[in-house]
Number of protein chains: 2
Amino acid sequence: MQQLPLTISEEWKGFMHLFKEEKYAAKKILLREGEVSKKAFYILKGCIRLWFNNDGKDVTFQFFFEDEGVSSVESFKTGQPSLFNIETIEPSVILSISKKVFFHILDSSPIIKNSIEETYFKRMIFYQKLFLSRIKDNPKKRYEDLLEHYPQILQRVPQHYIASYLGITPVSLSRIRNRN
Amino acid sequence: MQQLPLTISEEWKGFMHLFKEEKYAAKKILLREGEVSKKAFYILKGCIRLWFNNDGKDVTFQFFFEDEGVSSVESFKTGQPSLFNIETIEPSVILSISKKVFFHILDSSPIIKNSIEETYFKRMIFYQKLFLSRIKDNPKKRYEDLLEHYPQILQRVPQHYIASYLGITPVSLSRIRNRN
DNA sequence: CTGATTTCTTAACAATTGTTATCGTTTTTA
DNA sequence: TAAAAACGATAACAATTGTTAAGAAATCAG
């Protein structure tokens, strides 16, 4: 969906053996809010959400599906505690890589290093656009955009997560859906 | 405020003669939405807002003040049309630099190149946080955060720009302010 | 200095969303 | 498979925000 995959380019293939394949049940937390990220992930099968605790309320703010890279980027890179949880929604098959190995790959391949930096840049633009959609659109419009551009999300993700993602309550989302 | 300055480190000083100092009146557009960015800016005095036209409505989404770098990053870097306008709010004194010279500096100084890439990374985190505040907080809370963390904005920027930035109408902002 | 514009407030009403609670239905788990 | 938990729809009412309009105050421009 709105996520930029960790491109498995030709270049990456030479390093694939350094990834570890892991299977997780649904609702498994891969990284807990407040902890320091030690691994980055790549989804082979399944889906994941990012969420954090906001005064006792579970706030979901991003979804990831097959062939997308997921991590708490700033925690993974800088060693700060993660601001959010990374949690499976469905049972999932994940490739994981340690910090040490990841940065070793970056050092040994300028091509990959470059592509990762490009990824930071693109992700910045992505978040800028997400932020803009919050400013310009009301919840109903944001729901319709989601319906138009990422219908798969609505089919795979429980509705109250989506409500949270849209910035409204589950009740309000249910109303919007049944208002034609 | 919430912007990451283009750090004028020691390293930068050797290149300062390549910048051009320009003076602008209030409400001057430095880059128009839809045009390709040819210059990046650094504010010596004054302030600037970023805004775009949304169905005829003027939507402001970021403010910049003294000692901050401003540009339509993705347009400046990739040559795509800018998604927004860059406009002075007050009469301003600006350092400007052309694309050609800017990237020449990046090529001649690995230190600066590195710091710019670091800037992309930090700006990504910045936009991520902005986006999160849209999800977790209601307009009133966002106004109070602004009041607490960036009181200078409220003193220097017209209120309807701030309302737009907070994602509400000027009328609603006026009500929030006068509701104690 | 004066008329025009911009900026902010307030009012009245409509529309939307939040809150709380209830009730089937589906899914999970022991 | 049976009990428990999760999920989604709906209702009733409160609170918030949007819309439109009018008017006062401040600022700008000639």
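Just so we're on the same page: letters track the sequence lines, and every chain starts at 1.
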Asker: Quick one: side chain to side chain donor-acceptor pair (under 3.5 Å) partners of A:Q159, sequence neighbours excluded?
Answerer: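 Checked A:Q159 against side chain to side chain donor-acceptor pair (under 3.5 Å); matches are A:R177.
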
Asker: When you group the ILVMFWY residues by side-chain heavy-atom contacts below 4.5 Å and let the links chain together, are B:V171 and B:I168 in the same group?
Answerer: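 No; tracing contacts between hydrophobic side chains, which count when under 4.5 Å, never links both residues.
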
Asker: Could you tell me which residues satisfy salt bridge (charged side-chain N to carboxylate O under 4.0 Å, His left out) with A:K113, sequence neighbours excluded, listed by chain and number?
Answerer: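 Per chain and number, A:K113 pairs via salt bridge (charged side-chain N to carboxylate O under 4.0 Å, His left out) with A:E117.
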
Asker: Counting the benzene-type ring for Trp, do A:F19 and A:Y42 have ring centres under 6.0 Å apart?
Answerer: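 No.
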
Asker: Grab the CG-C1' distance between A:D58 and D:dA5 for me, whole Å please.
Answerer: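 One finds 16 Å between C1' of D:dA5 and CG of A:D58, rounded.
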
Asker: Does atom CZ of A:R156 have more than 12 heavy-atom neighbours, drawn from other residues, nucleotides or ligands, at distances under 6.0 Å?
Answerer: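 Yes - once you tally the heavy atoms of other residues, nucleotides and ligands closer than 6.0 Å, there are more than 12.
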
Asker: Residues two or more places apart in sequence or in another chain: which of them pass ring pair (Phe, Tyr, Trp, His ring centres under 6.0 Å) with A:F84?
Answerer: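 A:F61.
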
Asker: Mind checking who shares a hydrophobic cluster with B:I29, ILVMFWY linked at side-chain heavy-atom distances under 4.5 Å?
Answerer: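 The other cluster members (ILVMFWY side chains, heavy atoms under 4.5 Å, direct or chained) are B:W51.
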
Asker: Is there any salt bridge (charged side-chain N to carboxylate O under 4.0 Å, His left out) pair reaching into residues 34-50 of chain A, and which pairs are they, with sequence neighbours excluded?
Answerer: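 Counting only pairs at least two positions apart or across chains, the salt bridge (charged side-chain N to carboxylate O under 4.0 Å, His left out) contacts touching residues 34-50 of chain A are A:E22-A:K39, A:K45-A:E66, A:R49-A:D58, A:R49-A:E87.
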
Asker: In whole angstrom, what separates B:K141's NZ from C:dG18's P?
Answerer: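 Taking NZ of B:K141 and P of C:dG18, I get 16 Å after rounding.
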
Asker: With sequence neighbours left out, write down each residue that passes side chain to side chain donor-acceptor pair (under 3.5 Å) with A:Y120, or none if nothing qualifies.
Answerer: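 Per chain and number, A:Y120 pairs via side chain to side chain donor-acceptor pair (under 3.5 Å) with no residue.
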
Asker: Find the bend of the helix from C:dC1-D:dG30 to C:dA30-D:dT1 as the angle between its two terminal axes (five pairs each), to the nearest 10°.
Answerer: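 The end axes of the helix from C:dC1-D:dG30 to C:dA30-D:dT1 are about 60° apart, to the nearest 10°.
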
Asker: If you pin A:L173 and B:S174 to their nearest nucleotides in DNA chain C, which one's is more 5'?
Answerer: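 Result: B:S174.
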
Asker: State which residues pass side chain to side chain donor-acceptor pair (under 3.5 Å) with A:K77; sequence neighbours excluded, sorted by chain then number.
Answerer: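 Result, side chain to side chain donor-acceptor pair (under 3.5 Å) vs A:K77: none returned.
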
Asker: Identify each atom pair where a protein N or O and an N or O of nucleotides 23-28 of chain C are less than 3.5 Å apart, giving names and distance.
Answerer:
none

Asker: Around atom NZ of B:K28, are there more than 12 heavy atoms from other residues, nucleotides or ligands closer than 6.0 Å?
Answerer: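 Not buried by this count: 12 neighbours or fewer within 6.0 Å.
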
Asker: Taking OP1 and OP2 of C:dT6, is either one under 4.0 Å from a side-chain nitrogen or oxygen of B:Q159?
Answerer: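 Answer is no, no contact under 4.0 Å.
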
Asker: Restricting to nitrogen or oxygen on both sides, can you table the protein-nucleotides 11-16 of chain D pairs closer than 3.5 Å?
Answerer:
from: D:dA12; atom 1: N6; to: A:R175; atom 2: NH1; distance (Å): 3.4

Asker: N/O contacts under 3.5 Å, protein versus nucleotides 26-30 of chain D?
Answerer:
none

Asker: For B:T169 and D:dT17, is the shortest distance between a side-chain N/O and OP1 or OP2 below 4.0 Å?
Answerer: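 Answer is no, no contact under 4.0 Å.
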
Asker: If I take atom CG in residue B:L166 and atom P in nucleotide D:dG18, what distance separates them, rounded to the nearest angstrom?
Answerer: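 The distance from CG of B:L166 to P of D:dG18 comes to 11 Å, rounded to the nearest Å.
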
Asker: In this structure, how many angstroms lie between the C1' atom of C:dT29 and the NZ atom of A:K27, rounded?
Answerer: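 Those two atoms, NZ and C1', are 12 Å apart.
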
Asker: In whole angstrom, what separates B:K57's NZ from D:dT20's C1'?
Answerer: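 Rounded to whole Å, this separation is 12 Å.
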
Asker: Would you please name every residue forming a side chain to side chain donor-acceptor pair (under 3.5 Å) with B:Y161, sequence neighbours left out?
Answerer: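 Result, side chain to side chain donor-acceptor pair (under 3.5 Å) vs B:Y161: none returned.
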
Asker: For A:F102 and A:F76, I'd like to know if the aromatic rings sit close, meaning centre-to-centre distance below 6.0 Å.
Answerer: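 Yes, ring centres under 6.0 Å apart.
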
Asker: What is the distance, to the nearest angstrom, from the CD1 atom on A:I162 to the C1' atom on D:dA6?
Answerer: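 After rounding, the gap between these two atoms is 15 Å.
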
Asker: Within the structure, does a side-chain N or O atom of A:S172 lie under 4.0 Å from either OP1 or OP2 of C:dG18?
Answerer: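 Yes, within the criterion.
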
Asker: Could you state the atom-to-atom distance from CG of B:L154 to C1' of C:dT7 in whole Å?
Answerer: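 One finds 15 Å between C1' of C:dT7 and CG of B:L154, rounded.
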
Asker: Between C:dG18 and B:N138, is there an OP1 or OP2 to side-chain N/O distance shorter than 4.0 Å?
Answerer: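 No, because none of the side-chain N or O atoms of B:N138 sits under 4.0 Å from OP1 or OP2 of C:dG18.
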
Asker: Within the distance-only criterion (no hydrogens, no angle test), does the side chain of B:S37 pair as donor or acceptor with the backbone N or O of B:S75 below 3.5 angstrom?
Answerer: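 The answer is no, because no donor-acceptor pair under 3.5 Å joins these two groups.
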
Asker: Rounded to whole Å, how long is the line connecting atom CZ of A:R177 with atom C1' of D:dG8?
Answerer: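 From A:R177 CZ to D:dG8 C1': 9 Å.
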
Asker: Does D:dG8 have OP1 or OP2 sitting under 4.0 Å from an N or O in the side chain of A:H160?
Answerer: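 Checking A:H160 against D:dG8: at least one side-chain N or O falls below 4.0 Å of OP1 or OP2.
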
